[in-house]
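What follows is one structure encoded as structure tokens, with my remarks underneath.
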Amino acid sequence: MEIQLIFTQNNKLKIQIINNQYVHGDFKICFSLVYSIQDISGANISKKVGRYYEIYSQEDEIFLTLQEPRIGSYNLSCGPEGLFVLDKNDHKVECKIIPLKFENPIDPIVYKDEKDKIFDPVIPLPNLLKLEKETIPIKDLNFKIPTDEKNFFDNLKNIFYASNIKFNTSSGYSIVFKRQNLKSEEYKINIKKEFISIEYSDYGGKLYSIITLIQLINFYKTYLPICSIEDKPSLNWRGMHLDCARQFYTIDEIKRLMDYMCYFKLNRFHWHLTDNEAWRVELECYPNLTKVGAFRGYNEIIPPFYGTGYNKTGGYYSRSQILELIEYARDKNIEIMPEIDLPAHSWTLLQVMPELRDSSSNIVSEDVGNYQNNTINPAVEETHKFLKDILDELSEMFSFNIIHVGVDERPKESWEGSPKVIEYMKKNGIGSFDELQDEYMNTIINILKKSNKLTAAWNEAALPPHNDIGSAGSAGKIDKSCIIFAWEHPDVGIMSAKKGFKTVLCPGHKTYFDMAHNNSTYERGICWAATIEVKDVFDWQPLRDFENEDLKNVLGIQGQLWSETITNKDFFDEMINPRLATLAEIAWCSKAKRPWSQFRSSLLHNLDFLSKLGWNFHNF
């Protein structure tokens with residue numbers, strides 16, 4: 001059997017069955033999509049969980065009408081992923097999948113080659129860089145370092161090994177460190193005839209001075225200009241989020257991303273560990289969460305979402321791996337904030353622990369991703385014990401003082417049909433379901449405070465939802481110590497800061513790197529928020545519309561990679577690189593402070609070095 005996948009001229013997804021040796025109805029086709037099926041002809045749907053489907057064909061041609069993207073066209077991420085065929089005995093049928101075609105293809109974008117001959121090669125752009133005409137020859141790229149700094153430089157080997165730079169204790173052009181009374185992550189470099197002088201006050205400043213030096217050396221090669229550099233970040237939170245629930249990334253793959261982050265002076269890693277599709281963090285208090293919830297496949301309790309396919313696949317992070325990654329991140333000046341996405345986005349959790357729902361509920365709720373009954377119930381006694389157990393263990397495991405608890409996209413009707421919720425609300429004088437969410441959030445905040453942790457959450461934890469997608473939000477009664485990650489729209493960040501919440505700006509319109517770059521059918525990614533080119537990130541001025549008195553509540557900005565479309569790890573690099581490098585420029589400087597042509601020239605140079613480290617990149 002062969003299956004041809006085609007987006008037709010009228011934007012239908014056609015599944016064409018070729019060389020079929022089976023009777024229709026005696027086999028089923030299983031796959032996942034990033035857009036929901038709105039209508040189907042030529043087959044019937046026998047199973048649907050989220051956007052995983054099993055269909056029985058009635059004809060050789062099946063036509064699917066999918067949700068329409070905001071740009072009106074589909075791309076390479078929009079076809080069936082992880083497709084397999086089973087006969088009536090549930091045995092796999094040998095099947096050749098012919099790659100996705102488009103009857104109305106949209107050509108790739110041709111980018112202008114805008115470059116400058118003279119540009120600052122460092123990303124992010126330093127606050128002050130004063131270059132002299134005189135240069136110093138660097139023989140064999142040898143730099144002499146103090147003996148007691150050997151371990152410090154060894155921690156950076158993954159970042160500079162491809163450049164032939166040698167930091168050693170016996171010979172070369174000397175680097176001298178001086179600890180001074182500077183701000184956090186601030187540094188100063190003076191390249192003189194005799195030696196390089198570096199001033200810093202903390203580990204971050206010391207590290208970033210060497211990152212800047214590495215970028216200069218990679219550009220100037222065997223000589224360095226006499227110069228002085230003074231530099232510090234505009235924003236304290238310069239982050240990157242990775243969704244490890246939709247797809248599993250190994251510890252080594254995450255370390256590789258952290259090397260990239262360090263090279264561009266990003267200092268926060270937001271680790272999205274649970275969602276509807278998986279539970280990835282091993283907890284001693286509930287070992288079945290990973291034994292069952294970390295793996296997917298046709299014969300597993302968790303079906304093969306987002307391209308997983310027939311066989312059992314997946315993984316989780318053990319306590320020892322987490323501690324290893326925390327130590328690795330610390331060497332790169334990166335703090336790790338874990339996220340456990342609750343109370344919604346919990347479909348997998350509830351397959352393992354159904355006692356966290358009210359089984360007497362008479363309403364079936366469904367979230368924006370088509371997951372039914374995916375929300376834990378705050379009125380159930382087991383929920384209170386569960387929350388305390390997992391938050392206490394996470395607090396003990398993760399050294400960073402912030403834990404993210406999700407709170408996004410809770411379906412409005414998620415608690416409506418629960419007799420236990422109605423009774424709980426009457427008993428505690430709670431007047432609405434949004435107030436109940438606030439009470440739930442304050443419970444979590446108080447649990448974490450006892451472990452000297454702060455709570456973080458998506459913007460629906462503190463505000464009404466900005467987008468009308470059937471989700472609920474806050475009644476405005478949560479503790480102001482909660483840190484808000486404003487994702488739905490740029491205006492949400494302004495509103496959060498005005499209400500007095502410390503806020504991280506991460507609007508989908510600029511920072512969601514699962515968005516397609518443009519509307520070409522040959523791109524990958526989705527586009528509910530926007531299409532995002534590299535220059536769109538560069539042009540973003542995140543603080544522009546804030547009033548001065550509200551800026552004190554802006555902690556910083558953060559990029560996100562949600563992983564529904566990363567059905568092959570080969571897609572990872574081009575979704576991140578170089579949009580994340582560009583976001584790093586904005587995070588450090590708060591807005592672009594050089595022309596696009598100069599930044600693009602610097603970016604091209606640095607991407608040439610990153611390619612030696614194995615990074616691919618999207619054109620721009």
Side-chain angles (χ1 to χ4, degrees), residues 5-11 13 34-35 68-79 98-121 123 125 219 260 264 507-541 559-561 565-586 591-592 594-620:
L5 306 171
I6 300 171
F7 273 108
T8 67
Q9 290 188 4
N10 58 355
N11 256 357
L13 174 59
V34 294
Y35 292 115
E68 186 176 343
R70 66 187 299 278
I71 56 175
S73 59
Y74 298 94
N75 65 23
L76 290 172
S77 290
C78 303
I98 302 171
L100 185 65
K101 293 182 179 179
F102 298 87
E103 290 184 349
N104 276 337
I106 300 173
D107 290 336
I109 296 290
V110 177
Y111 296 95
K112 294 180 182 177
D113 188 21
E114 299 176 71
K115 285 192 288 190
D116 279 8
K117 289 184 178 179
I118 300 174
F119 59 89
D120 180 348
I123 297 176
L125 180 70
F219 179 71
Y260 183 106
F264 294 112
H509 306 68
K510 296 293 184 181
T511 70
Y512 271 36
F513 300 148
D514 56 317
M515 297 294 116
H517 287 72
N518 53 68
N519 70 341
S520 168
T521 50
Y522 301 103
E523 290 290 334
R524 295 194 180 275
I526 51 179
C527 61
W528 67 261
T531 55
I532 306 174
E533 293 282 10
V534 176
K535 191 172 186 300
D536 294 329
V537 179
F538 180 79
D539 289 337
W540 184 35
Q541 298 182 35
Q560 277 69 222
L561 184 67
T565 63
I566 313 297
T567 51
N568 184 316
K569 296 291 176 65
D570 290 344
F571 307 156
F572 180 87
D573 285 15
E574 291 194 10
M575 300 308 287
I576 287 177
N577 189 29
R579 291 190 288 195
L580 182 55
T582 309
L583 189 75
E585 174 102 349
I586 304 306
K591 65 178 181 179
R594 53 177 152 179
W596 164 249
S597 58
Q598 287 186 17
F599 174 76
R600 185 175 183 275
S601 302
S602 180
L603 192 52
L604 285 168
H605 168 72
N606 280 286
L607 292 177
D608 182 58
F609 171 67
L610 286 171
S611 69
K612 297 174 185 175
L613 299 177
W615 278 87
N616 297 317
F617 65 92
H618 193 283
N619 288 328
F620 59 99

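If you take CG on Leu76 and OG1 on Thr565, they are separated by 11.0 Å, rounding to the nearest 0.5 Å. Here the SG atom belonging to Cys527 is positioned 15.0 Å from the OH atom belonging to Tyr512, to the nearest 0.5 angstrom. Taking CE of Met515 as the start and CD1 of Ile526 as the end, the distance is 4.0 Å to the nearest 0.5 Å. Atom CG of Asp116 is separated from atom CH2 of Trp596 by 12.0 Å, given to the nearest 0.5 angstrom. The CD1 atom of Ile586 sits 6.0 Å away from atom CZ of Phe538, with the distance rounded to the nearest 0.5 Å. Considering CD1 of Ile98 and CD1 of Ile6, their distance stands at 8.5 Å, rounded to 0.5 Å.
Contact record, Ser520 with Ile106: OG-O, 2.9 Å, taken as the closest heavy-atom pair. Taking each heavy atom of Tyr35 and Cys78 in turn, the nearest pair found is CE1-SG, 3.5 Å. Here the closest non-hydrogen pair linking Pro105 and Phe102 is CD-O, 3.4 Å.
If you check the side chains of Thr511 and Gln560, you find a donor sitting under 3.5 Å from an acceptor.
Residue Lys115 is tested with Gln598, His605, Arg600 for a side chain to side chain contact (heavy atoms under 4.5 Å, CB included); the sole match is Arg600.
At most 12 heavy atoms of other shown residues, nucleotides or ligands fall within 6.0 angstrom of atom NZ in Lys591.
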Which pairs would a plain distance check flag for residues 609-620, meaning a side-chain donor or acceptor within less than 3.5 Å of a matching protein atom at least two apart in sequence or in another chain?
| from | atom 1 | to | atom 2 | distance (Å) |
| --- | --- | --- | --- | --- |
| Ser611 | OG | Asp608 | O | 2.6 |
| His618 | NE2 | Glu523 | OE1 | 2.8 |
| His618 | NE2 | Glu523 | OE2 | 3.1 |

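With Asn606 contributing its side chain and Ser602 its backbone, the two residues share a donor-acceptor pair below 3.5 Å. Side chain of Asp120 to main chain of Leu125: no donor-acceptor pair is present (N/O by atom type, distance under 3.5 Å, no hydrogens or angles). When atom types are taken as modelled, the side chain of Ser77 and the backbone of Gly525 share a donor-acceptor pair closer than 3.5 angstrom.
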Open item on the list: side-chain contact (heavy atoms from CB on, under 4.5 Å) for Lys510 and Val537? Distances and angles first, verdict last.
Closed with: CA-CA 6 Å; Lys510 296 293 184 181; Val537 179; 5.8 Å; no
Task: Check against side-chain contact (heavy atoms from CB on, under 4.5 Å), Leu13 and Leu100 - done: CA-CA 10 Å; Leu13 174 59; Leu100 185 65; 4.3 Å; yes
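With sequence neighbours left out, Asp107 forms a salt bridge (charged side-chain N to carboxylate O under 4.0 Å, His left out) with no residue at all. Residues that satisfy the ring pair (Phe, Tyr, Trp, His ring centres under 6.0 Å) test with Phe513, not counting sequence neighbours, are absent from this structure.
The side-chain heavy atoms of Glu585 and Phe264, taken from C-beta on, include no pair separated by under 4.5 Å.
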